[in-house]
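In what follows, a single structure is set out as structure tokens and then discussed.
Model, not experiment: these values are computed from the prediction. In what follows, chains are A, B, ... by sequence order, proteins preceding strands, each numbered from 1.
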There are 2 protein chains.
Amino acid sequence: MADEALDKALNTLRDKHVRITPQRKLILNYLITHHNHPAVEVIYQELAPQMSSLSLATIYNTLNLFVEMGIVIEIPNENGGIRYDFFGSPHYHAICENCGKVTDIFDPNFPKIEEMIQTEAARQSGYKITSSHIEVYGLCDECQAKLAAQKPDGAAAEAHV
Amino acid sequence: MADEALDKALNTLRDKHVRITPQRKLILNYLITHHNHPAVEVIYQELAPQMSSLSLATIYNTLNLFVEMGIVIEIPNENGGIRYDFFGSPHYHAICENCGKVTDIFDPNFPKIEEMIQTEAARQSGYKITSSHIEVYGLCDECQAKLAAQKPDGAAAEAHV
DNA sequence: GTAGTTGCAAACGATTTGCATTTAT
DNA sequence: ATAAATGCAAATCGTTTGCAACTAC
């Protein structure tokens with residue numbers, strides 16, 4: 001299953017005349033087998049042991065390439081950074097506003113919803129639509145518990161840095 | 001109408017015990033009256049003439065605050081940057097992949113769609129959902145025309161960086 | 001063979017931060 | 001009165017870039 005996805009992605013690259021280098025294969029495989037929505041730095045830390053020559057610059061270049069090719073998507077990271085996700089089967093993301101955790105949501109209605117918003121967007125704007133992203137923000141289980149423990153009362157005041 | 005929105009937003013701030021400074025009012029008013037989805041730098045250029053002491057740092061701080069308060073939303077800007085948008089009435093965005101233009105889409109189905117995705121996300125992830133974002137990517141009118149002019153044939157090859 | 005890719009280090013630029021001063025409440 | 005916000009400049013950090021060496025096709 002992971003291999004299927006890898007082959008399919010590699011074929012997509014071949015079709016677009018993009019060279020398949022060991023680095024690209026390694027990064028692609030990592031993304032397919034890890035759905036932890038890694039930031040660039042995380043990918044680097046994980047893969048450096050396997051390919052000591054691998055550079056950050058190459059990871060940046062490769063990810064940008066994959067995004068253009070449509071096989072990887074970017075997820076905004078409240079803190080300005082970007083996280084990446086292999087886009088095998090369509091899904092959207094729930095993002096924790098407190099800890100930044102990203103959870104995949106596989107919604108049976110997603111294709112329907114995606115078509116609705118793309119159709120409406122095209123109608124209103126005249127854009128030629130190619131893709132869409134949905135993110136839902138909130139508090140994950142752990143952070144709900146953590147924050148509840150910190151202020152057991154219903155205090156409203158909130159630190160704004 | 002613009003004033004209503006401003007008053008409503010100011011009350012939101014008051015309710016949360018956030019001080020209303022001239023800078024905050026100025027920035028808020030700018031966002032309410034300009035739906036050009038400005039980047040920080042743009043806001044700075046526009047407002048500096050009106051308040052020469054206004055600093056970039058204050059704009060950054062203020063916008064982050066507004067986002068936390070839920071009266072302004074961030075729009076990811078392919079080039080890593082962030083653009084801001086006053087969130088008066090619910091809408092989502094069509095973003096041009098070529099020139100970065102952002103167009104508001106006011107979809108009558110948006111509330112329905114938002115509820116669907118928030119409900120499903122909560123069910124699958126256990127998150128306590130607070131908000132959601134939808135972005136649709138594609139090519140705007142002008143860029144469609146521009147690109148069609150550049151390669152009148154159906155050439156496939158594409159520069160990647 | 002050759003255009004495309006890598007890796008390094010340097011450059012870049014957007015955003016954040018520390019701190020003294022000012023200000024809203 | 002005082003806790004919070006501003007503005008400045010410096011620091012930070014993620015990302016991009018120029019270029020020589022390397023490699024997939």
Side-chain angles (χ1 to χ4, degrees), chain A residues 10-28 37-45 47-69 72 74-84 100 156-161, chain B residues 10-28 37-45 47-69 72 74-84 100 156-161:
Chain A
L10 290 177
N11 280 330
T12 301
L13 294 182
R14 268 187 273 266
D15 288 352
K16 306 205 180 188
H17 308 291
V18 172
R19 289 194 184 170
I20 297 171
T21 66
Q23 292 84 347
R24 288 176 180 173
K25 221 188 230 171
L26 184 66
I27 294 169
L28 191 47
H37 314 93
V40 169
E41 194 61 36
V42 172
I43 300 175
Y44 181 66
Q45 300 298 342
L47 296 183
Q50 295 174 51
M51 186 184 285
S52 54
S53 71
L54 186 64
S55 80
L56 267 176
T58 297
I59 300 179
Y60 277 105
N61 289 335
T62 301
L63 289 172
N64 285 339
L65 177 68
F66 287 172
V67 170
E68 274 180 49
M69 299 292 121
V72 160
E74 298 180 323
I75 307 174
N77 197 12
E78 289 296 79
N79 345 339
I82 301 177
R83 290 148 155 268
Y84 293 87
E158 175 82 19
H160 13 276
V161 182
Chain B
L10 290 177
N11 280 331
T12 301
L13 293 182
R14 268 187 273 268
D15 288 351
K16 305 206 180 185
H17 309 291
V18 171
R19 292 192 183 170
I20 296 171
T21 66
Q23 292 84 344
R24 287 176 180 171
K25 222 189 230 171
L26 184 65
I27 295 170
L28 192 46
H37 313 93
V40 170
E41 193 61 36
V42 173
I43 299 176
Y44 181 65
Q45 300 298 341
L47 296 184
Q50 295 174 51
M51 185 184 285
S52 54
S53 70
L54 186 65
S55 80
L56 266 176
T58 298
I59 299 179
Y60 278 106
N61 290 336
T62 301
L63 289 171
N64 286 340
L65 176 68
F66 288 171
V67 170
E68 274 179 50
M69 299 292 121
V72 160
E74 297 180 323
I75 308 174
N77 196 10
E78 288 296 78
N79 345 337
I82 300 177
R83 288 148 155 269
Y84 294 87
E158 177 82 19
H160 13 279
V161 181

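OP1 and OP2 of D:dT6 both lie 4.0 Å or more from every side-chain N or O belonging to B:S55. For A:Y60 and D:dT15, the shortest distance from a side-chain N or O to OP1 or OP2 is below 4.0 Å. For the OP1/OP2 pair of D:dG7 and a distance below 4.0 Å, the side-chain nitrogens and oxygens of B:T58 include at least one atom meeting the criterion. Proximity of B:N61 to the phosphate of C:dT15: no side-chain N or O atom is located under 4.0 Å from OP1 or OP2. An OP1 or OP2 oxygen of C:dT6 is reached within less than 4.0 angstrom by a side-chain nitrogen or oxygen of A:R24.
Atoms CG and CG, on A:L65 and A:L13 in that order, are 6.5 Å from each other to the nearest 0.5 Å. How far CG of A:L56 is from CD1 of A:I43: 10.0 Å, rounded to the nearest 0.5 Å. We find the CD1-OG1 distance between A:I27 and A:T62 to be 4.0 Å, quoted to the nearest 0.5 Å. To the nearest 0.5 Å, the span separating CG on B:L47 from CG on B:L26 amounts to 4.5 Å.
Side-chain contact check for A:I59 versus A:Q23: every heavy-atom pair is 4.5 Å or farther apart. Here the side chains of A:Y84 and A:E74 are in contact, with some heavy-atom distance below 4.5 Å. Side-chain contact between B:N11 and B:R14 is present, with heavy atoms from C-beta onward closer than 4.5 Å. In this structure, the side chains of A:I82 and A:L63 stay at 4.5 Å or more apart for every pair of heavy atoms.
In this structure, B:Y44 places its OH atom 17 Å from P of C:dG13, rounding to the nearest Å. Separating the CD atom of A:E41 from the C1' atom of D:dT16 is a distance of 15 Å, rounded to the nearest angstrom. Spacing between atom NZ of A:K16 and atom P of C:dT5 amounts to 14 Å, rounded to whole angstrom units. Summarising the geometry, the separation between OH on A:Y84 and C1' on D:dG14 is reported as 10 Å, rounded to the nearest angstrom. Distance A:L56 CG to D:dG18 C1': 17 Å, rounded to the nearest Å. We find that CG of A:L65 is positioned 11 Å from C1' of C:dG4, with the value rounded to whole Å. Here C:dT15 presents its C1' atom at 12 Å from CD of B:E74, a figure rounded to the nearest Å. Rounded to a whole Å, the CZ atom of B:F66 is 12 Å from the C1' atom of D:dA5.
Summarising the geometry of B:K16 relative to B:M69, their closest heavy-atom pair is CD-SD, 3.4 Å, with the distance given to 0.1 Å.
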Just the atom pairs and distances: protein N or O near nucleotides 22-25 of chain C's N or O, under 3.5 Å.
from   : atom 1 : to    : atom 2 : distance (Å)
C:dA24 : N3     : B:R19 : NH1    : 3.4
C:dT25 : OP1    : B:I20 : N      : 3.2

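Within the 4.0 angstrom heavy-atom criterion, only backbone atoms of the sugar-phosphate kind lie near B:L54; the bases stay farther away.
Rotation axes derived from the C1' atoms of the five outermost pairs at either end of the helix from C:dG1-D:dC25 to C:dT25-D:dA1 lie 60° apart, to the nearest 10°.
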